[in-house]
Amino acid sequence: MEYSSINDKEILTNFLDKHKLSLDNPLVKGFLKDQTNFELFKTAILVPTKENKELVEKSFGKHCRYVRKIKYIDSLIRFYSIDFDKKIRKNNSRHLLILDSKSIYLNAEEGQLLENRMSPIIEEDYYQGEIDMKNEITNSNLFKALESLTKKQALILELFYFKKLSIHEIAIALDSSPQNISNIHRRAIFNLKKKLIN
Amino acid sequence: MMDETANIKIKKKEIEQLLKDFDLKIKKCLNQTNSSEREDLSQEIKLKIIEKLMSIEFDDSPSFWELVDRVETKKK
(Lines give C-alpha, C1' and ligand atoms only; values in the text may rest on other atoms or scores of the structure.)
Protein backbone atom coordinates (compact mmCIF):
# COMPACT_ATOMS: atom_id res chain seq x y z
CA MET A 1 0.00 0.00 0.00
CA GLU A 2 2.72 2.38 1.03
CA TYR A 3 4.82 1.47 -1.94
CA SER A 4 2.02 2.27 -4.31
CA SER A 5 1.35 5.67 -2.76
CA ILE A 6 5.00 6.62 -3.18
CA ASN A 7 4.85 5.39 -6.72
CA ASP A 8 1.71 7.41 -7.29
CA LYS A 9 3.42 10.51 -6.06
CA GLU A 10 6.29 9.93 -8.42
CA ILE A 11 4.01 9.52 -11.38
CA LEU A 12 2.14 12.67 -10.46
CA THR A 13 5.26 14.80 -10.02
CA ASN A 14 6.65 13.36 -13.24
CA PHE A 15 3.54 14.38 -15.07
CA LEU A 16 3.50 17.82 -13.50
CA ASP A 17 7.15 18.34 -14.43
CA LYS A 18 6.66 17.19 -17.95
CA HIS A 19 3.66 19.40 -18.59
CA LYS A 20 4.85 22.33 -16.54
CA LEU A 21 4.37 24.88 -19.29
CA SER A 22 0.83 23.93 -20.18
CA LEU A 23 -0.15 23.63 -16.53
CA ASP A 24 0.95 27.23 -16.06
CA ASN A 25 -1.84 28.29 -18.38
CA PRO A 26 -4.08 30.48 -16.21
CA LEU A 27 -7.22 28.67 -17.27
CA VAL A 28 -5.78 25.28 -16.35
CA LYS A 29 -4.22 26.68 -13.22
CA GLY A 30 -7.51 28.10 -12.01
CA PHE A 31 -9.22 24.83 -12.79
CA LEU A 32 -6.74 22.78 -10.74
CA LYS A 33 -6.88 25.17 -7.83
CA ASP A 34 -10.24 23.69 -6.89
CA GLN A 35 -9.73 20.70 -4.62
CA THR A 36 -12.34 18.43 -6.19
CA ASN A 37 -11.06 19.20 -9.66
CA PHE A 38 -7.55 18.38 -8.62
CA GLU A 39 -8.67 15.05 -7.19
CA LEU A 40 -10.33 14.18 -10.50
CA PHE A 41 -7.20 15.22 -12.33
CA LYS A 42 -5.05 13.07 -10.04
CA THR A 43 -7.11 9.94 -10.48
CA ALA A 44 -7.17 10.49 -14.23
CA ILE A 45 -3.38 10.53 -14.33
CA LEU A 46 -2.87 7.60 -11.99
CA VAL A 47 -5.61 5.51 -13.57
CA PRO A 48 -5.78 6.85 -17.12
CA THR A 49 -8.98 5.18 -18.19
CA LYS A 50 -11.29 6.80 -20.66
CA GLU A 51 -13.95 7.32 -18.02
CA ASN A 52 -11.67 9.16 -15.65
CA LYS A 53 -10.42 11.41 -18.42
CA GLU A 54 -13.97 12.11 -19.45
CA LEU A 55 -14.81 13.19 -15.91
CA VAL A 56 -11.99 15.73 -15.96
CA GLU A 57 -13.10 16.87 -19.38
CA LYS A 58 -16.63 17.45 -18.20
CA SER A 59 -15.57 19.33 -15.11
CA PHE A 60 -13.15 21.41 -17.15
CA GLY A 61 -15.89 22.31 -19.61
CA LYS A 62 -18.01 23.53 -16.73
CA HIS A 63 -15.14 25.58 -15.39
CA CYS A 64 -14.49 27.11 -18.83
CA ARG A 65 -18.09 28.09 -19.22
CA TYR A 66 -18.11 29.69 -15.79
CA VAL A 67 -14.95 31.69 -16.51
CA ARG A 68 -16.31 32.80 -19.85
CA LYS A 69 -19.53 33.94 -18.24
CA ILE A 70 -17.67 35.94 -15.61
CA LYS A 71 -15.50 37.59 -18.23
CA TYR A 72 -18.54 38.38 -20.30
CA ILE A 73 -20.49 39.91 -17.44
CA ASP A 74 -17.47 41.87 -16.32
CA SER A 75 -17.07 43.63 -19.64
CA LEU A 76 -20.83 43.92 -20.06
CA ILE A 77 -21.13 45.89 -16.83
CA ARG A 78 -18.23 48.14 -17.69
CA PHE A 79 -19.25 49.00 -21.23
CA TYR A 80 -22.96 49.09 -20.60
CA SER A 81 -22.59 51.67 -17.87
CA ILE A 82 -20.43 53.81 -20.17
CA ASP A 83 -22.96 53.52 -22.96
CA PHE A 84 -25.80 54.30 -20.60
CA ASP A 85 -24.08 57.47 -19.49
CA LYS A 86 -23.48 58.52 -23.08
CA LYS A 87 -27.10 57.89 -23.92
CA ILE A 88 -28.32 60.01 -21.03
CA ARG A 89 -25.99 62.86 -21.91
CA LYS A 90 -27.00 62.76 -25.55
CA ASN A 91 -30.63 62.74 -24.61
CA ASN A 92 -30.19 65.67 -22.27
CA SER A 93 -28.36 67.73 -24.85
CA ARG A 94 -30.99 67.10 -27.52
CA HIS A 95 -34.03 67.65 -25.37
CA LEU A 96 -33.24 70.69 -23.32
CA LEU A 97 -35.85 71.76 -20.86
CA ILE A 98 -36.81 75.21 -22.11
CA LEU A 99 -39.53 77.03 -20.26
CA ASP A 100 -39.12 80.43 -21.88
CA SER A 101 -41.21 79.79 -24.98
CA LYS A 102 -44.80 80.93 -25.37
CA SER A 103 -47.39 78.76 -23.81
CA ILE A 104 -50.92 78.37 -25.10
CA TYR A 105 -52.21 77.68 -21.63
CA LEU A 106 -51.02 80.84 -19.99
CA ASN A 107 -52.74 83.60 -21.96
CA ALA A 108 -52.37 86.35 -19.45
CA GLU A 109 -48.70 85.92 -19.06
CA GLU A 110 -48.00 85.04 -22.64
CA GLY A 111 -44.61 85.93 -23.91
CA GLN A 112 -43.16 86.58 -20.55
CA LEU A 113 -39.98 84.88 -19.49
CA LEU A 114 -40.48 82.30 -16.83
CA GLU A 115 -37.93 83.86 -14.56
CA ASN A 116 -39.86 87.14 -14.60
CA ARG A 117 -42.99 85.40 -13.45
CA MET A 118 -41.43 83.70 -10.51
CA SER A 119 -40.76 85.42 -7.26
CA PRO A 120 -37.08 86.01 -6.73
CA ILE A 121 -35.35 83.08 -5.18
CA ILE A 122 -34.39 83.68 -1.62
CA GLU A 123 -31.41 81.83 -0.41
CA GLU A 124 -33.17 80.79 2.76
CA ASP A 125 -35.43 78.59 0.68
CA TYR A 126 -32.64 76.15 0.28
CA TYR A 127 -31.70 73.68 2.92
CA GLN A 128 -28.98 75.32 4.89
CA GLY A 129 -28.25 72.56 7.36
CA GLU A 130 -24.89 71.04 7.97
CA ILE A 131 -23.67 68.40 5.59
CA ASP A 132 -24.05 65.29 7.64
CA MET A 133 -22.12 62.22 6.61
CA LYS A 134 -25.03 59.89 7.22
CA ASN A 135 -27.33 61.96 5.03
CA GLU A 136 -24.97 61.65 2.11
CA ILE A 137 -24.64 57.86 2.11
CA THR A 138 -26.69 56.14 -0.55
CA ASN A 139 -25.39 52.62 -0.13
CA SER A 140 -27.51 50.91 2.52
CA ASN A 141 -24.82 48.39 3.45
CA LEU A 142 -22.31 51.14 3.98
CA PHE A 143 -24.82 53.01 6.10
CA LYS A 144 -25.34 49.99 8.32
CA ALA A 145 -21.61 49.51 8.64
CA LEU A 146 -21.18 53.14 9.61
CA GLU A 147 -23.72 52.75 12.38
CA SER A 148 -21.54 50.10 13.95
CA LEU A 149 -18.54 52.40 14.34
CA THR A 150 -17.81 54.23 17.56
CA LYS A 151 -18.68 57.91 17.79
CA LYS A 152 -15.07 58.98 17.58
CA GLN A 153 -14.36 56.82 14.56
CA ALA A 154 -17.39 58.18 12.74
CA LEU A 155 -16.45 61.73 13.65
CA ILE A 156 -12.93 61.32 12.31
CA LEU A 157 -14.18 59.76 9.09
CA GLU A 158 -16.59 62.64 8.65
CA LEU A 159 -13.95 65.27 9.27
CA PHE A 160 -11.48 63.55 6.98
CA TYR A 161 -13.66 62.63 4.01
CA PHE A 162 -16.50 65.15 4.11
CA LYS A 163 -14.93 68.23 5.63
CA LYS A 164 -11.65 67.40 3.89
CA LEU A 165 -9.54 68.22 6.90
CA SER A 166 -6.04 66.82 7.10
CA ILE A 167 -5.03 64.38 9.79
CA HIS A 168 -3.02 67.13 11.39
CA GLU A 169 -5.95 69.56 11.49
CA ILE A 170 -8.21 66.91 12.96
CA ALA A 171 -5.64 66.23 15.65
CA ILE A 172 -5.60 69.90 16.60
CA ALA A 173 -9.41 70.10 16.59
CA LEU A 174 -9.83 67.03 18.77
CA ASP A 175 -6.89 67.86 20.98
CA SER A 176 -5.05 64.67 20.16
CA SER A 177 -1.92 63.58 18.32
CA PRO A 178 -1.85 62.95 14.55
CA GLN A 179 -0.60 59.42 15.17
CA ASN A 180 -3.60 58.67 17.33
CA ILE A 181 -6.01 60.09 14.75
CA SER A 182 -4.32 58.10 12.02
CA ASN A 183 -4.62 54.94 14.11
CA ILE A 184 -8.31 55.49 14.76
CA HIS A 185 -8.89 56.27 11.11
CA ARG A 186 -7.13 53.10 10.04
CA ARG A 187 -9.11 51.02 12.50
CA ALA A 188 -12.37 52.61 11.34
CA ILE A 189 -11.60 51.79 7.71
CA PHE A 190 -10.60 48.28 8.71
CA ASN A 191 -13.85 47.77 10.62
CA LEU A 192 -15.90 49.13 7.74
CA LYS A 193 -14.19 46.78 5.31
CA LYS A 194 -14.78 43.83 7.58
CA LYS A 195 -18.46 44.68 7.93
CA LEU A 196 -18.89 45.19 4.20
CA ILE A 197 -17.19 41.94 3.27
CA ASN A 198 -19.48 40.03 5.60
CA MET B 1 -40.50 18.14 -19.80
CA MET B 2 -39.53 17.63 -16.18
CA ASP B 3 -35.91 17.82 -17.16
CA GLU B 4 -36.39 21.18 -18.80
CA THR B 5 -38.03 22.81 -15.78
CA ALA B 6 -35.26 21.50 -13.56
CA ASN B 7 -32.72 22.90 -15.97
CA ILE B 8 -34.30 26.31 -15.88
CA LYS B 9 -34.35 26.18 -12.11
CA ILE B 10 -30.64 25.49 -11.98
CA LYS B 11 -29.97 28.25 -14.47
CA LYS B 12 -32.01 30.70 -12.41
CA LYS B 13 -30.10 29.84 -9.28
CA GLU B 14 -26.83 30.28 -11.09
CA ILE B 15 -27.85 33.67 -12.42
CA GLU B 16 -28.92 34.77 -8.98
CA GLN B 17 -25.55 33.78 -7.57
CA LEU B 18 -23.71 35.59 -10.37
CA LEU B 19 -25.77 38.73 -9.79
CA LYS B 20 -24.94 38.56 -6.12
CA ASP B 21 -21.25 38.12 -6.86
CA PHE B 22 -21.22 41.07 -9.21
CA ASP B 23 -23.20 43.35 -6.95
CA LEU B 24 -20.19 45.31 -5.78
CA LYS B 25 -18.84 45.68 -9.28
CA ILE B 26 -22.16 47.10 -10.43
CA LYS B 27 -22.24 49.50 -7.51
CA LYS B 28 -18.78 50.70 -8.39
CA CYS B 29 -19.80 51.40 -11.96
CA LEU B 30 -22.77 53.44 -10.77
CA ASN B 31 -20.44 56.06 -9.38
CA GLN B 32 -19.61 57.41 -12.81
CA THR B 33 -23.16 58.36 -13.69
CA ASN B 34 -25.46 61.04 -12.39
CA SER B 35 -26.85 60.26 -8.96
CA SER B 36 -30.42 60.53 -10.24
CA GLU B 37 -29.82 57.86 -12.88
CA ARG B 38 -28.05 55.35 -10.68
CA GLU B 39 -31.09 53.32 -9.74
CA ASP B 40 -32.08 53.07 -13.39
CA LEU B 41 -28.64 52.03 -14.49
CA SER B 42 -28.32 49.35 -11.85
CA GLN B 43 -31.64 47.86 -12.89
CA GLU B 44 -30.78 48.01 -16.55
CA ILE B 45 -27.42 46.33 -16.04
CA LYS B 46 -29.02 43.54 -14.06
CA LEU B 47 -31.70 43.11 -16.66
CA LYS B 48 -29.09 42.96 -19.40
CA ILE B 49 -27.06 40.35 -17.51
CA ILE B 50 -30.10 38.12 -17.04
CA GLU B 51 -31.09 38.57 -20.66
CA LYS B 52 -27.64 37.67 -21.93
CA LEU B 53 -27.15 34.71 -19.61
CA MET B 54 -30.50 33.31 -20.67
CA SER B 55 -29.86 33.71 -24.38
CA ILE B 56 -26.14 33.09 -24.92
CA GLU B 57 -24.67 29.61 -24.79
CA PHE B 58 -21.18 29.70 -23.39
CA ASP B 59 -20.00 26.52 -25.06
CA ASP B 60 -17.05 25.69 -27.30
CA SER B 61 -14.58 25.23 -24.47
CA PRO B 62 -11.24 23.68 -25.38
CA SER B 63 -10.56 20.08 -24.49
CA PHE B 64 -8.53 19.74 -21.32
CA TRP B 65 -6.19 16.97 -22.43
CA GLU B 66 -5.60 18.62 -25.77
CA LEU B 67 -4.76 21.85 -24.01
CA VAL B 68 -2.29 20.09 -21.76
CA ASP B 69 -0.60 18.37 -24.69
CA ARG B 70 -0.66 21.29 -27.09
CA VAL B 71 2.12 23.32 -25.52
CA GLU B 72 4.38 20.27 -25.35
CA THR B 73 4.00 19.53 -29.03
CA LYS B 74 4.64 23.16 -29.86
CA LYS B 75 7.89 22.99 -27.96
CA LYS B 76 9.05 20.02 -30.01
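Everything numeric here is computed off the predicted structure, so don't read it as measured data. Only heavy atoms go into these numbers, but all of them, side chains included; no hydrogens, no water, no symmetry mates. Below, read A as the first sequence line, B as the second, and so on, with proteins coming before strands; counting in each chain starts at 1.
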K.L.:
Any idea which heavy atoms bring Thr36(A) and Asp34(A) closest together, and the distance?
P.N.:
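The answer is OG1-OD1, 2.6 Å.
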K.L.:
At a 4.5 Å cut-off on heavy atoms, which part of Leu24(B) comes close to chain A: side chain, backbone, both, or neither?
P.N.:
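No part of Leu24(B) comes within 4.5 Å of chain A.
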K.L.:
Distance alone, cut at 3.5 Å: any donor-acceptor contact between the side chains of Asn92(A) and Arg89(A)?
P.N.:
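No - no donor-acceptor pair under 3.5 Å links their side chains.
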K.L.:
Heavy atom to heavy atom, less than 4.5 Å: which residues from residues 10-19 of chain B reach chain A?
P.N.:
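Near chain A, by residue number: Glu14(B), Leu18(B).
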K.L.:
On the 0 to 90° scale, with breaks at 30° and 60°, tag the His185(A)-Tyr161(A) ring pair as parallel, tilted or perpendicular.
P.N.:
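His185(A) and Tyr161(A): tilted rings.
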K.L.:
Side-chain contact, heavy-atom cut-off 4.5 Å: Asn91(A) with His95(A)?
P.N.:
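Heavy-atom side-chain distance check passes, below 4.5 Å.
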K.L.:
Counting only heavy atoms not in Lys27(B) (residues, nucleotides, ligands), do more than 12 fall under 6.0 Å from its NZ?
P.N.:
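It does: Lys27(B) NZ has more than 12 such atoms within range.
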K.L.:
Considering only heavy atoms from C-beta outward, does the side chain of Phe160(A) approach that of Ile167(A) to under 4.5 Å?
P.N.:
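Yes; the side chains approach each other to less than 4.5 Å.
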K.L.:
Measuring only between side-chain heavy atoms, which start at C-beta, is Ile50(B) closer than 4.5 Å to Leu47(B)?
P.N.:
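Ile50(B) vs Leu47(B): side chains apart.
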K.L.:
Which residues in residues 144-153 of chain A have a heavy atom less than 4.5 Å from any heavy atom of chain B?
P.N.:
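Residues of residues 144-153 of chain A touching chain B at under 4.5 Å: none.
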K.L.:
At what distance, to the nearest 0.5 angstrom, does NZ of Lys163(A) lie from CG of Leu155(A)?
P.N.:
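That separation rounds to 8.5 Å.
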K.L.:
Is there any residue in residues 70-85 of chain A with a non-hydrogen atom under 4.5 Å from a non-hydrogen atom of chain B, and which ones are they?
P.N.:
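Within residues 70-85 of chain A, the residues that come under 4.5 Å of chain B (heavy atoms only) are Ile70(A), Tyr72(A), Ile73(A), Asp74(A), Leu76(A), Ile77(A), Arg78(A), Tyr80(A), Ser81(A), Ile82(A), Phe84(A), Asp85(A).
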K.L.:
May I have the list of side-chain donor-acceptor pairs in residues 168-178 of chain A shorter than 3.5 Å, sequence neighbours left out?
P.N.:
from, atom 1, to, atom 2, distance (Å)
Glu169(A), OE1, Ser166(A), N, 2.8
Glu169(A), OE1, Ser166(A), OG, 3.4
Ser176(A), OG, Asn180(A), ND2, 3.0
Ser177(A), OG, Asn180(A), N, 3.3

K.L.:
Any chance CD of Glu44(B) has more than 12 other-residue heavy atoms, nucleotides or ligands included, within less than 6.0 Å?
P.N.:
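Count over threshold, so yes.
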K.L.:
Pair Val56(A), Phe31(A) - check side chain to side chain contact (heavy atoms under 4.5 Å, CB included), show working.
P.N.:
CA-CA 10 Å; Val56(A) 175; Phe31(A) 171 70; 4.1 Å; yes
K.L.:
Once you round to the nearest 0.5 Å, how far does OG of Ser59(A) lie from CD of Glu57(A)?
P.N.:
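Answer rounded to 0.5 Å: 10.0 Å.
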K.L.:
Hey, could you give me the NZ/CD distance between Lys42(A) and Gln35(A), rounded to the nearest 0.5 Å?
P.N.:
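These two atoms lie 8.0 Å from each other.
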K.L.:
Considering only heavy atoms, which portion of Lys28(B) lies under 4.5 Å from any heavy atom of chain A: side chain, backbone, both, or neither?
P.N.:
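When you check distances to chain A, no heavy atom of Lys28(B) falls under 4.5 Å.
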K.L.:
Where does Lys87(A) contact chain B at under 4.5 Å (heavy atoms): side chain, backbone, both or neither?
P.N.:
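Side chain of Lys87(A) only, per the 4.5 Å heavy-atom cut-off to chain B.
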K.L.:
Without hydrogens or angle criteria, can the side chains of Asn52(A) and Thr43(A) be said to hold a donor-acceptor pair below 3.5 Å?
P.N.:
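The answer is no; no qualifying pair exists.
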